[in-house]
Structure formats: structure tokens, C-alpha cells
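These notes are about the structure you will find just below.
The basis for the numbers below is simple: all heavy atoms, side chains too, and nothing from hydrogens, waters or symmetry mates. All chains are named by letter (A, B, ...) in the order of the sequence lines, taking the proteins before the strands, and each is independently numbered beginning at 1.
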Number of protein chains: 4
Amino acid sequence: MNGFERRKQKKTEQIFAAACSLLQKYGYSKVSVNEIAAAAHVSPATVFNYFGTKEQMFAEMLEDWMDKQLAKYEEILESSLAYPEKLKAVMLAEAGQLKFLLEDLRDVQHLLGNRSEEKLRQFFMKLIAKGRTEGYIPMEFADELVQRYLNMYLREFRQGVDPSQAEPMLRLFFYGLSNT
Amino acid sequence: MNGFERRKQKKTEQIFAAACSLLQKYGYSKVSVNEIAAAAHVSPATVFNYFGTKEQMFAEMLEDWMDKQLAKYEEILESSLAYPEKLKAVMLAEAGQLKFLLEDLRDVQHLLGNRSEEKLRQFFMKLIAKGRTEGYIPMEFADELVQRYLNMYLREFRQGVDPSQAEPMLRLFFYGLSNT
Amino acid sequence: MNGFERRKQKKTEQIFAAACSLLQKYGYSKVSVNEIAAAAHVSPATVFNYFGTKEQMFAEMLEDWMDKQLAKYEEILESSLAYPEKLKAVMLAEAGQLKFLLEDLRDVQHLLGNRSEEKLRQFFMKLIAKGRTEGYIPMEFADELVQRYLNMYLREFRQGVDPSQAEPMLRLFFYGLSNT
Amino acid sequence: MNGFERRKQKKTEQIFAAACSLLQKYGYSKVSVNEIAAAAHVSPATVFNYFGTKEQMFAEMLEDWMDKQLAKYEEILESSLAYPEKLKAVMLAEAGQLKFLLEDLRDVQHLLGNRSEEKLRQFFMKLIAKGRTEGYIPMEFADELVQRYLNMYLREFRQGVDPSQAEPMLRLFFYGLSNT
DNA sequence: GATGAATGAGAGTTCATTCAT
DNA sequence: AATGAATGAACTCTCATTCAT
């Protein structure tokens, strides 16, 4: 990588960092490209030179972020933890992270794009497959259903859980409300 | 009710309907008051005469909507259904309804206001209390936890479920992922 | 005057009072007809029924006010005071009064209209004539000049003088800055 | 100064000129930023990029204008003219100039800001001090009073005097109405 | 290639005035 | 005759995007 590319790489990271931080604070429609450019010490024009539009810029930032997140997930999946611990770890890996996946849902989910969504889906399929192999997920629940179930919990955890609530929530995950 | 009041009432409903529909389609920040006014066959100025600000207009619309929704819930709670059926009915009462409670979370939840949130919370408390009396909700789960759990499911159902998935989701609600 | 006319008269006075008070507080362009109507416990439509336009309404209000003011001036002119005392009295009669004659000058002076301005000019002519007769205003100063001079002082006094400054200002009026 | 700065400087001047001219013609609240932008051959957005708000734009324009005006005054004060001639020159330097200092008083005086007002006050103090030294302003008149007196005349001259009236007005300034 | 400046299109909001009762 | 409701036109201001250097 030559000097030009390194510089571009660095600016891209600054832009991503600023965009990410401001997105969380104010939400997609309330952050202006000018603000992001200012926070990244870059000209607004540079943002457009790099990404074309505001939307595209956020899309790339989110894909970048999602790739990093998925790397963490994969690591957890490959670890030596027991299966329930893995699930817990995955869910807690989200906690306190990008809440905007919830907040400006329509905007942001659409931005996240098919590629990232597909990657995430594939990770889920592996996670579920492993769960079935290890006997934690009964066959009678269809993949689609379990995926939705997992997703629901992930979203809940993304909003933030205080640690004292994490444990009981996970118990509900496995055993539900009925106590018998 | 005289002519003036009837007319105003009617226009208010038109505005609420237009606002609700457009809010779902595009989200809070992407809908302009002009669009809503046009859809409601009303001048933008009228919207401001009625509600003062865009924000206030949505707040009142949401409160109105929430009151109607709560009325349905109460009716279900007072019905002769078995408890699990009641829960199911409450959840399905949301399906296909106002998705925006999720989508522009920051904006809209804030708009919903304390009054409505409190009303909803109180309904939940009654629902949970009844569940405990009838033995469906064990004492060992704190109110706070159950409320969060219910909320999580409600939110999931709000996004829409096809009926074939409703049943298994409710099974998970009571018995969790574990199948033993 | 029958009942209808009395009612109209009363409403007109309420409107004038509200308009006058709000004009002083906020200035011509920052007061809306709706505000005035509200303050006068009257419908905005009534204001337009009576006066046609906002501008016309203020014009009539100002003419009304000016007529009352001129009546006071005439009384002073006809009184038995010494001439310099009369001048002083006229000037102080303005103090603390309608400052807007200064503030939104362009708007308001234009509103005041030719009729009122002419009445005021005529009063000044009488005042000056009397001053000449009594030897206080030398012939070498043209009417036009003296009128302007008086006006300048009147405007100054309209902005408000604290009583301790009134006396020296009047001394300057007669003897100027030179002290010999 | 590079190309960017020159261009910005030029546009700023165009905006100031347009704002000044239109302010005199129509008064603060009746001039829209759009009008000013059009007259300055600039986009309305540019005005807001430069100054943030309409108010701030006028404030800066007035400060700019006042600085130039004060420079003229200082030059007169330092000149070799006799004191009365200096006073006359200062007053005539205003003639035909910014009448709005009178007209939208509330708005504009507030915009002029403390800085400019303070600069003007300081110039007045110097002018008065010089007048005392040279024996044209007797000690028995307090600074405050003289300042007000000067101000009153300045305001009068700002409204415009035809030259034939300037001389007698200045005679009144020194000797008042009394002729003895 | 990167920037600071500039902008067009549109946002929310206000208000003098008119309309329907 | 008087009103409450309704509005069109205009306002200040924002922002994603483009232009000129």
C-alpha cells in the first residue's frame, strides 16, 4: 500500500468513526454530512468523492462494522465454550453496541444491505446447526423460526441489558415463562 | 356537537389517518407536514393550527392510537378466554399495526409521551398480576423481567407474523427453546 | 346610540387598547392580528370586519390616539401658563407615551396618515405663532426651521427623560450649548 | 489573499451593500433574506452559510458600517478645522446615511450591539472633551447631558437635511432659540 | 485528489386574510 | 353581525450535493 492509499485508508476510518458515533447519538436523518465531515476533519466534498452519497457512505460504514462484528461472533462460535455460553456470549457481544440497528430501523436496515444481511443469516444458520448437533435445539423447531427467535433476543440485548437481567433473560430463552 | 366541532373532528381524524399511514411508510423524519396535509386534504397551516408543531401532532396522534389499542387490550383481558389465549390475543392485536413503535424508536417513543407509556405499563402490570394469580407466571420472575419479556414479544409481533408462525412463537414464549 | 352601536364602540375600544399596548411592547411587524384579537377578546375576523386590514386598523387606532393627544396639547396652549412653561408641558406630555412613533418609524409614521400629521402641524403653527407674539421666537427663524427644531425635541422627549434631565434639556432648547 | 478569500470578501460586500440598501428602503422586518440574496446575486443559502441567521447578518453589516463611519469621524476630529466646524462636519457626515438607526429602532439598535455602541460612546467622549478644552462646552453641562444633546442632533441630521437648513440648525445647536 | 464555497430544493412554521356557519 | 376555522403565500433556515480552485 503506497502513501496515497494509506492516506485514503486513514481518512476513510476517520469518516467511519465519526459517522458511527454521530449515528448513535442522533440517528440517521438528524446527522448531516457536514457534521460528519467536520468531526472527521475532512471536507464534505471528500465524503462524496469517496462514497457518492450519504446513504452509500452509511451503507459502507455499516458493512464494515458488521464484518468486524461477525468476526467476533465467529470467534465465539469456534471457541471451546459450552453451547449455551456461546449463545450468551454472542448476545452480550451486542449489548451496548450499535443501537441504531434498532432505532432508525427502516433507514438503517435497508442500508445494511443484502450482502451483510446474508452474511449474518449464514452465521445464524451455522449457529443453529451447531445447536442442533449438540442437542440444544430440537428438530421440531424450523430453522426459520429459530432464526427469528434468536433475532428477537439479539435485538432485545442490543438495547442494552444490565448484567443482573442477562442471566434470567437467558433462562427464559431456554425454558420460557413456564416454570415446571 | 355543532357543525364546527363535527368538521374539526372529521379533519382531525383525516390528519391522524394520513399521519399514521405515512409514518409507517416513511418514518418520522422523512414525512413532511405538507405531505400529511395533502393526504388529509387539508392545508398545512391547518395542521399547525390544530397541533402547534409537527412533533405535537404526532404525539397526539400516537396517544389517540394508543388509547384505542389499550381499549382492545382491556377487552381481551376482561374476556372469558383462558390466560394463554389472552396473551396470544394481545400479541396478535398488534400484528400488522403500528410498526413505527419500533422503527424510529428514538423519535417516536419520546413522542408517545409519559402518559401513554404509563397507561401501557399499568395494563401490563394487571396482565402480569392475572398471570400470577392463575398460575401461569411463577413468582420467581420479577415484574420488571416479565414486563421486559412481554415487551420483547410484543415488539416482535408488531413487525408482523404470518399466522403459521404465531403458534410456535407462543410455544417458545411459555416453554423456551429447550424441549424436554 | 343604540345597543348595537354601543357594543361596537366598546369592542373598538378594546381592540384599540390591545393594539396600542402590544404595539408598544413588540412593534408593528411583530404583533399579529390574531394576538391583538385574542387580547381584545374578539375574533380576528371582527378586526377585519371593522377595519379591513391590519394596516388600516393601526391607522385608525393611531388617529384616535393622536386626537386625544392633540386635545391635551390644545388645553396646555389655552392655559394661563407662561410660554416656556407651555412648551415644557407639551414636551413632557409625550414623555413615557407612545414610543412607537419613534420605533417603527417608517411603518407607523406612514400609518399616522396625512390627516393627523396635518392636525399636528397646525397645532405647531399655532404654538409657534404664539411664541412669536410673546417674543420667545425671533422672526429670523423660519416657521419650517422652528417646526423641525420643536419636532426634534419632541422626539427626544418621547423616548423618555428622567425628570432631572428635563430641565437642562429645556435650557439647551432656549439658550443652546454656548453659555455666554 | 487567495482566490477563495477574495471571492468570499467580494460576496460579503455585495451582501452588505444589498442588505444596507434594502434595510433603508423597507426596514428590518419587511426585508427578507431572499430579497437580499437576490439583490446581491447570491443564493439565500450563502447568506446563512456566512452569517448563520438573518439577525447576525444585519448585526455584522451594521458593525462594518459603523466602523467605517467612526473612521470618518475620527478623521474629522483629528483635522485642523475649528471646533464648531468639526461638529458640523460630523453631523453632515451622517446626512443621507443610514436612516434605519432611527427607524426600526428596537430591532436595529439591539443589533448594533454593545461593541459598536461602546465605540461610538468613546468617540463622543473624546469629542466632548475636546469641546471643553477649547471652551465650546461649558463645564456646567454634564457629559451625559451633552452626549444626549449631540445624539439628538445627530439623529435629526441622519434623517437628512437640505444644506440650506444645516446652518441655522447648527446655530440653534450653539445658541438655542432665544436670540438675545 | 482534496477542498472550501456555493447552491437548489425543500423543511417547518407564521400570519394577514377569507370562508362557512 | 360576529365568529371559529381554514388557508395561501411567504418566511427563516437546513442540507445533500456540486462547483471552482
Excluding sequence neighbours, so at least two apart, what forms side chain to side chain donor-acceptor pair (under 3.5 Å) with [X]?
{"X": "C:Glu13", "result": "C:Gln9"}
{"X": "B:Asn49", "result": "none"}
{"X": "C:Lys68", "result": "C:Asp64"}
{"X": "B:Ser43", "result": "none"}

task: Kindly write out the residues that satisfy ring pair (Phe, Tyr, Trp, His ring centres under 6.0 Å) with D:Phe51, not counting sequence neighbours, or none if the list is empty.
output: D:Phe16

To the nearest Å, give me how far apart [atom1] ([X]) and [atom2] ([N]) are.
{"X": "A:Glu5", "N": "E:dG1", "atom1": "CD", "atom2": "C1'", "value": "13 Å"}
{"X": "B:Ile15", "N": "E:dG12", "atom1": "CD1", "atom2": "P", "value": "14 Å"}
{"X": "D:Lys8", "N": "F:dT21", "atom1": "NZ", "atom2": "P", "value": "16 Å"}
{"X": "B:Gln9", "N": "F:dA5", "atom1": "CD", "atom2": "C1'", "value": "15 Å"}
{"X": "B:Met57", "N": "E:dT14", "atom1": "CE", "atom2": "C1'", "value": "17 Å"}

query: Does any pair with a residue in residues 53-62 of chain B pass salt bridge (Lys or Arg N to Asp or Glu O under 4.0 Å), and if so which ones, sequence neighbours excluded?
result: none

query: How would nucleotides 13-20 of chain F be written as a contact map, 5' to 3', with B for base contact, S for sugar-phosphate-only contact and - for no contact, using protein heavy atoms under 4.0 Å?
result: BBBSBBBS

task: Tell me, please, which residues at least two apart from D:Glu63 pass salt bridge (Lys or Arg N to Asp or Glu O under 4.0 Å).
output: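 Once residues adjacent in sequence are excluded, the partners of D:Glu63 under the salt bridge (Lys or Arg N to Asp or Glu O under 4.0 Å) criterion are D:Arg115, D:Lys119.
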
query: So what does A:Phe51 hit on the nucleic acid, given a heavy-atom distance under 4.0 Å: a base, only sugar-phosphate, or nothing?
result: nothing

field: Lys NZ or Arg CZ of B:Lys11 over B:Tyr50 ring: under 6.0 Å, within 45°
entry: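 No; the conditions do not both hold, so B:Lys11 does not lie above the ring face of B:Tyr50.
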
message: Both C:His41 and B:Lys11 contact DNA chain F. Taking the nearest nucleotide for each, which residue is further toward the 5' end?
response: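 Its nearest nucleotide lies further toward 5', so the answer is C:His41.
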
- prompt: Counting only N and O atoms by type, is there a donor-acceptor contact under 3.5 Å from the side chain of C:Thr46 to the main-chain atoms of C:Val42?
  reply: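 Not a single qualifying donor-acceptor pair exists.
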
- prompt: Between A:Tyr50 and E:dG1, does any side-chain N or O lie under 4.0 Å from OP1 or OP2?
  reply: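 No, because none of the side-chain N or O atoms of A:Tyr50 sits under 4.0 Å from OP1 or OP2 of E:dG1.
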
query: Taking only side-chain nitrogens and oxygens of B:Ser43, does any of them come within less than 4.0 Å of OP1 or OP2 of F:dA6?
result: no

- prompt: If an axis is fit to five pairs at each end of the helix from E:dA2-F:dT21 to E:dT21-F:dA2, what is the angle between the two, to the nearest 10°?
  reply: 30°

